[in-house]
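Down below is the structure, laid out as structure tokens.
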There are 2 protein chains.
Amino acid sequence: MSDRDQFLRSGCPIVNGLDIFGDKWTLVILRDLICGKQTYTELASSPEKIPTNRLAERLKMLEAENLLLKEQYQTRPKRYKYVLTAKGKSTLPILQEIAKWGNNHVQGTWVPPEWFMQAQPSETA
Amino acid sequence: MSDRDQFLRSGCPIVNGLDIFGDKWTLVILRDLICGKQTYTELASSPEKIPTNRLAERLKMLEAENLLLKEQYQTRPKRYKYVLTAKGKSTLPILQEIAKWGNNHVQGTWVPPEWFMQAQPSETA
DNA sequence: ATTAGTTACTTCAATATCGCAAGTAAGTGG
DNA sequence: CCACTTACTTGCGATATTGAAGTAACTAAT
């Protein structure tokens, strides 16, 4: 039982999904992780320029919700990378549908590479 | 060109979609409209209990972004209903993917009726 | 003709959240 | 020892959200 369970808005699966990733930044972070970004600095350097405190907080939340793991990949200096779990990777179809909607309805949006739009959750970085 | 264009975070179709419906309430309202709710009071009475000022504001925004139309369906007293446009209806695949994710990954979420999960955007109320 | 009720909002004060800038800690390389 | 990088954390003013109450238009009952 996660912290959110104390304040459930309802049992609706859409609402419960949104209570994890239905904010301004979380799906952007998941997009970047699926696109191969791994470190804090890589994530912070996206064109949308997420504030660093917000990035740190969202990463902690995503780890607490098991959408990603924080893994040390180097000692001296200790360096960490953020790796999606299956639960995190399985947000890909949501991202793909939002991307399709954006391309169809918001003019001037760039078209994601085909590998992104065609990928299955299991094949993602 | 909509108001948001002045403050574009990037050209990413995901980000631009989220800048319309990536908040706590908008997709909940779209869910309800797709499920056949039409009036302000019907929308306000959902189990998630959206504050009425937030509901009014989101409806105005969705109208401004052409996801829905506010239609008078009765004079004396004047009564309005909110009707999805094709642009609004086409968020259905996003809602379906979020619902699938919620059912797969958040325990205790209810399973939406089959007509909702199987529907095509064109067939929706 | 009052009075109560309904619908569809709007307003307001309190609280929560956000974004920006700056600061910190650990470590490297010169 | 000093500058530099990575990975955050802290402080704080600005902004957004909430819950409660208020308003406006109209209907229906007494």
Side-chain angles (χ1 to χ4, degrees), chain A residues 3-4 6-10 15 18-29 32-33 36-65 68-84, chain B residues 2-4 6-10 15 18-30 32-33 36-65 68-84:
Chain A
D3 284 354
R4 281 173 308 95
Q6 245 63 47
F7 318 104
L8 279 188
R9 285 196 286 173
S10 77
V15 168
L18 293 175
D19 283 344
I20 293 176
F21 51 68
D23 71 293
K24 193 172 175 182
W25 294 112
T26 303
L27 286 174
V28 179
I29 296 169
D32 285 348
L33 289 168
K37 295 196 176 191
Q38 302 205 108
T39 65
Y40 188 89
T41 302
E42 282 173 342
L43 292 168
S45 67
S46 283
E48 292 85 10
K49 290 278 168 289
I50 177 169
T52 59
N53 52 354
R54 227 98 290 289
L55 175 58
E57 183 198 298
R58 296 279 90 191
L59 287 171
K60 268 180 198 147
M61 182 278 293
L62 287 169
E63 197 187 2
E65 297 287 348
L68 58 78
L69 265 38
K70 185 178 180 176
E71 273 183 17
Q72 203 184 79
Y73 66 94
Q74 168 182 307
T75 48
R76 208 168 314 107
K78 280 179 185 172
R79 295 270 189 254
Y80 298 92
K81 63 178 175 181
Y82 296 94
V83 184
L84 289 173
Chain B
S2 79
D3 284 354
R4 279 173 307 96
Q6 245 61 49
F7 318 103
L8 278 188
R9 285 195 286 172
S10 76
V15 168
L18 292 176
D19 283 344
I20 294 176
F21 51 68
D23 71 294
K24 193 172 173 181
W25 293 111
T26 303
L27 286 174
V28 179
I29 295 169
L30 292 169
D32 284 349
L33 290 169
K37 296 195 177 192
Q38 301 204 107
T39 65
Y40 189 88
T41 302
E42 282 173 342
L43 292 167
S45 67
S46 282
E48 293 83 11
K49 290 280 167 289
I50 176 170
T52 59
N53 51 356
R54 225 92 290 286
L55 175 57
E57 185 199 297
R58 296 280 90 191
L59 287 171
K60 268 179 199 147
M61 181 278 293
L62 287 170
E63 197 187 2
E65 297 286 348
L68 57 78
L69 264 36
K70 184 179 179 175
E71 275 183 15
Q72 205 186 78
Y73 67 94
Q74 166 182 310
T75 48
R76 209 169 313 109
K78 281 180 185 172
R79 296 269 190 253
Y80 299 92
K81 63 178 177 181
Y82 296 94
V83 184
L84 289 172

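Below, chain A is the first sequence line, B the second, and so on; all start at residue 1.
- Under 3.5 Å, the side chain of B:Thr41 and the base of C:dT6 form no donor-acceptor pair of N or O atoms.
- Between A:Leu59 and A:Leu43 the shortest heavy-atom distance is CD2-CD1, 4.0 Å.
- Ranked by how close their nearest DNA chain C nucleotide is to the 5' end, A:Arg58 and B:Thr39 are led by B:Thr39.
- Closest contact between the side chain of B:Pro51 and the listed nucleotides D:dC8, D:dG19, C:dC20 involves D:dG19.
- As a whole-Å value, the separation of A:Leu43 CG from D:dC8 P is 10 Å.
- One interatomic measurement links the two molecules: CG of B:Leu55 to C1' of D:dG19, which rounds to 15 Å at whole-angstrom precision.
- Checked by atom type, the side-chain pair A:Lys37/A:Ser46 shows a donor-acceptor distance below 3.5 Å.
- Phosphate proximity of D:dC8 to A:Tyr82: present, with a side-chain N or O under 4.0 Å from OP1 or OP2.
- In this entry the distance linking CD of B:Glu63 with C1' of C:dA8 reads 14 Å, nearest Å.
- Of the candidate nucleotides C:dT11, D:dA7, C:dC9, D:dA7 has the atom nearest to the side chain of A:Tyr40.
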Every protein N/O lying under 3.5 Å from an N/O of nucleotides 26-30 of chain D:
from   : atom 1 : to      : atom 2 : distance (Å)
D:dT27 : OP1    : B:Arg76 : O      : 3.3

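- In this entry the distance linking OH of A:Tyr80 with P of D:dT9 reads 12 Å, nearest Å.
- Between C:dT10, C:dC18, C:dA22, one nucleotide has an atom nearer to the side chain of A:Thr52 than all others, and that is C:dA22.
- A:Asp23 and A:Arg58 are joined by a salt bridge, as a carboxylate oxygen and a charged side-chain nitrogen come within less than 4.0 angstrom of each other.
- In this structure, A:Lys49 reaches neither bases nor backbone, as no heavy-atom distance under 4.0 Å exists between it and the strands shown.
- Summarising the geometry, the separation between CD1 on B:Ile50 and P on C:dC9 is reported as 13 Å, rounded to the nearest angstrom.
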Exercise for the section: Kindly determine whether B:Tyr82 and B:Thr39 satisfy side chain to side chain contact (heavy atoms under 4.5 Å, CB included), including the steps that lead there. Expected result: CA-CA 6 Å; B:Tyr82 296 94; B:Thr39 65; 6.0 Å; no

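- At whole-Å resolution of the value, CD in A:Gln74 and C1' in C:dG27 are 10 Å apart.
- A:Gln74 places a side-chain N or O within donor-acceptor distance of the main-chain N or O of A:Pro77, the cut-off being under 3.5 Å.
- Cation-pi geometry between B:Lys70 and B:Tyr80 is met: under 6.0 angstrom from the ring centre, within 45 degrees of the axis.
- By the 4.0 Å N-to-carboxylate-O rule, B:Glu57 lies too far from B:Lys60 to be salt-bridged with it.
- Between the A:Glu42 side chain and the A:Gln38 main chain, a donor and an acceptor come within less than 3.5 Å of each other.
- Separating the CZ atom of B:Arg54 from the P atom of C:dC12 is a distance of 16 Å, rounded to the nearest angstrom.
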Problem - side chain to side chain contact (heavy atoms under 4.5 Å, CB included) evaluation trace for A:Leu18 with A:Arg9 - result: CA-CA 10 Å; A:Leu18 293 175; A:Arg9 285 196 286 173; 4.2 Å; yes

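- Going from atom CD of B:Gln72 over to atom P of C:dC9 covers 11 Å, rounded to whole Å.
- Of the side-chain N and O atoms in A:Lys60, none sit less than 4.0 angstrom from OP1 or OP2 of D:dA7.
- Regarding contacts with the backbone of D:dT6, every side-chain N or O of A:Lys81 stays at 4.0 angstrom or more from both OP1 and OP2.
- One finds the CG atom of B:Leu68 at 5.0 Å from the CG atom of B:Leu62 (value rounded to the nearest 0.5 Å).
- Residues of residues 18-27 of chain B that place a heavy atom closer than 4.0 Å to DNA chain D, in numerical order, are B:Lys24, B:Trp25.
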